[in-house]
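The shown structure was predicted, so the numbers you read here are calculated from the model rather than taken from an experiment. Here is the naming used below: chain letters follow the sequence lines, and residue numbers restart at 1 for every chain. What you see below is based on every heavy atom in this structure, not just the backbone, and it leaves out hydrogens, waters and symmetry mates.
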Amino acid sequence: MANQTNSGNERVDLAYRRRKNAEEMRHQMIAFVLMILLTLIAFAAVGYEEFSHWFVVPFILLLAAVQVAFQLYYFMHMSHKGHEFPAMFIYGGVAVMLLLVWAFTTVVWW
Amino acid sequence: MSTIARKKGVGAVLWDYLTTVDHKKIAHLYLIAGGFFFLLGGLEALLIRIQLVKPNNDFLVGGLYNEVLTMHGTTMIFLAAMPLLFAFMNAVVPLQIGARDVAFPFLNALGFWMFFFGGLFLNCSWFLGGAPDAGWTSYASLALDSKAHHGIDFYTLGLQISGFGTIMGAINFLVTIINMRAPGMTFMRMPMFTWATFVTSALILFAFPPLTVGLIFMMMDRLFGGNFFNPAAGGNTIIWEHLFWVFGHPEVYILILPSFGIFSEIFATFSRKRLFGYSSMVFATVLIAFFGFMVWAHHMFTVGMGPIANAIFAVATMAIAVPTGVKIFNWLFTMWGGSIKFTTPMYYAVAFIPSFVMGGVTGVMLSAAAADYQYHDSYFVVAHFHYVIVGGVVFALLAGTHYWWPKMFGRMLNETLGKITFWLFFIGFHLTFFIQHFLGLTGMPRRVFTYLPNQGWETGNFVSTVGAFFMAIATVILLINIVITTVKGEKVPGDAWGDGRTLEWAIASPPPVYNFAQTPLVRGLDAFWLEKMEGKKELTPAEPLGDIHMPNSSFLPFIISFGLFVAAFGFTYHNDAGWGLPVGILGLLITFGSMFLRSVIDDHGFHIHKEEVLELEKKGANA
């Protein structure tokens, strides 16, 4: 993608790419710090004995979902253009599996 | 390596097909293997009908009848209908999008051989004690109780192996269609068959994993001491039914959507008009696929899921009639005002509409949960699904065979014999299955090997058996037609029907190994028709003529699949015999060893040089 620009001036292109990369790196660092933080919170939630299991389990699952989103969007670049199809198929698969789990929990193991 | 065609010996041709990675040759392989299993499944159907021709018959009794019935269903769905559709997808989709091959040619070959060895393994059961006998649905409560022989193990392992192949094929088509369309071929300019292949591949991608999970659970329970489906040990036998139908319902759309695609091509071509409501066709296809995932439990209304679950699944099921109706009306409006040419494929297409609608109407009847309690497990259900699968899928396969035969083999199937096949098959089909609606409504249960006299079922069953023989004769005439055509059929030009609309008709029949000498530029829907209407003979190229990069043939796909075939035998018998486990491990070593070889051997393919392409093109134009 990077070399398909209309600008003939490589310097402009380089400056733009540098700024873009720096921004990208900042996002990755922020996401990384947040992910460490979320992991610590998860450990703390389990370690703190006042919380009941009924709170801790769904809470950790929620944190896990956020972690997956960070992983996909920041580390695997799904936030960039050109990832529409992978995104569509991931969400399609997630939807099918959620439906299945929902049906199993309500119909089979009611 | 030279690509110039010359006379080759039988051995060389065989080796060529065993090692090919060319999508056109893989299409031939799918057609031959799928056709063989279609004949096998048809033979089993005839045996079933012979047994039921009169009351108290003892032609196939009890267990043997169960085996034949199970293998008829399993063979027809997994080993005949799907591979035959894959044959057309392989033969046509890369051509329709202006590509030189699929995205992963090696994987394509591997997918075929996995399917082939899976099917072979399943059918080996006939000679090794007995075939699976718990129905094609193989419900766990029956399957775990089938202990007389290894039939069910052949089912679980065979279908796992052929399932790998199917998923590989689906991923291959998804990647191909997303990435390899010719310049200008936007999604909304793709031919309907390509669209159907795309949506079907997505369905396979999501529907096969639940089946794989179910089959692995079943394998664990039967061979490795598991208890997933054993209520006595805390398992749950209903889980199999859910997993099976989460796969099974999308599976019927996996069969019917490509069939719809084939008919869409045929209606437009022989009405010599563009497809009516193209964008609504695309939308309806996607919508049917989407709904297909939330209706599986309508196969289980009588399991006892409760009124709320039944009601939800009933309403969702009825909703599918809406996009399907959109399609039916679009086909009718495509013909409306068209300059219709009644060729053999068009016969099938026109006959498909009323036949399939009848299956659709009984489908809506069955989707009413309360009414389903009366229809359930009766011949009414048998009549329903044969109306949609034979009236929809098999008609499409026969139509597609006639329609694309000239493109695949360069010779036109005989039209007179084709029409005789059609009439015999059409009459035989309605004769066999129409009366089964009434047999079902008067209480005849499905999957039972005999019935008593004086229940009012004698005439119906007799008529039904007569119809089955009509279909058998039709199939034999089709085979004769194929032999005659192969021996002395007349050669055809690229645009074999003279009315081709899509890209595949713009190149020679059969296409050269590289398909398009120059990648074409697509300027609209029905790209080839568009060019012809502007007085051009061929497509506008999108690139200069140059060297063409091609993949090398490889024998590894065959060996990888063969390894799994060996392993499946080993694991089937590992509880009975000492040689089981070593053979199983040996098989896995063959598979993973050849996968390792595939990874370490550098294979950069080869080039067909510009001069060679020019020479081949000149020859193709003369032929």
NE2 (A:H53) with more than 12 external heavy atoms under 6.0 Å: no
Student check: side-chain heavy atoms of B:M300 and A:V107 closer than 4.5 Å: no
- prompt: Parallel under 30°, tilted from 30 to 60°, perpendicular over 60°: which one fits the rings of B:F198 and A:F85?
  reply: perpendicular
message: Looking at B:M188, I want to see if its CE is surrounded by more than 12 non-hydrogen atoms of other residues, nucleotides or ligands under 6.0 Å.
response: yes
- prompt: Nearest 0.5 Å, what's the CD1-OG1 distance between B:I308 and A:T106?
  reply: 9.5 Å
message: Using every non-hydrogen atom in the two residues, find where A:G92 and B:F206 come nearest and quote the distance to one decimal.
response: C-CZ, 3.8 Å
- prompt: Stepwise, does the side chain to side chain contact (heavy atoms under 4.5 Å, CB included) test hold for B:L243 with A:F104?
  reply: CA-CA 10 Å; B:L243 286 173; A:F104 267 49; 4.2 Å; yes
message: Is B:A309 close to chain A through its backbone or its side chain, or both, or neither, when contacts mean heavy atoms under 4.5 Å?
response: side chain
message: Is it the case that atom CZ in A:F43 sees more than 12 heavy atoms from other parts of the structure closer than 6.0 Å?
response: no
Atom CE of A:M97: over 12 foreign heavy atoms under 6.0 Å: yes
Euclidean distance, A:L100 CG relative to B:W296 CH2, rounded to 0.5 Å: 5.5 Å
- prompt: Rounded to the nearest 0.5 Å, how far apart are CD1 of B:I178 and CE of A:M88?
  reply: 6.5 Å
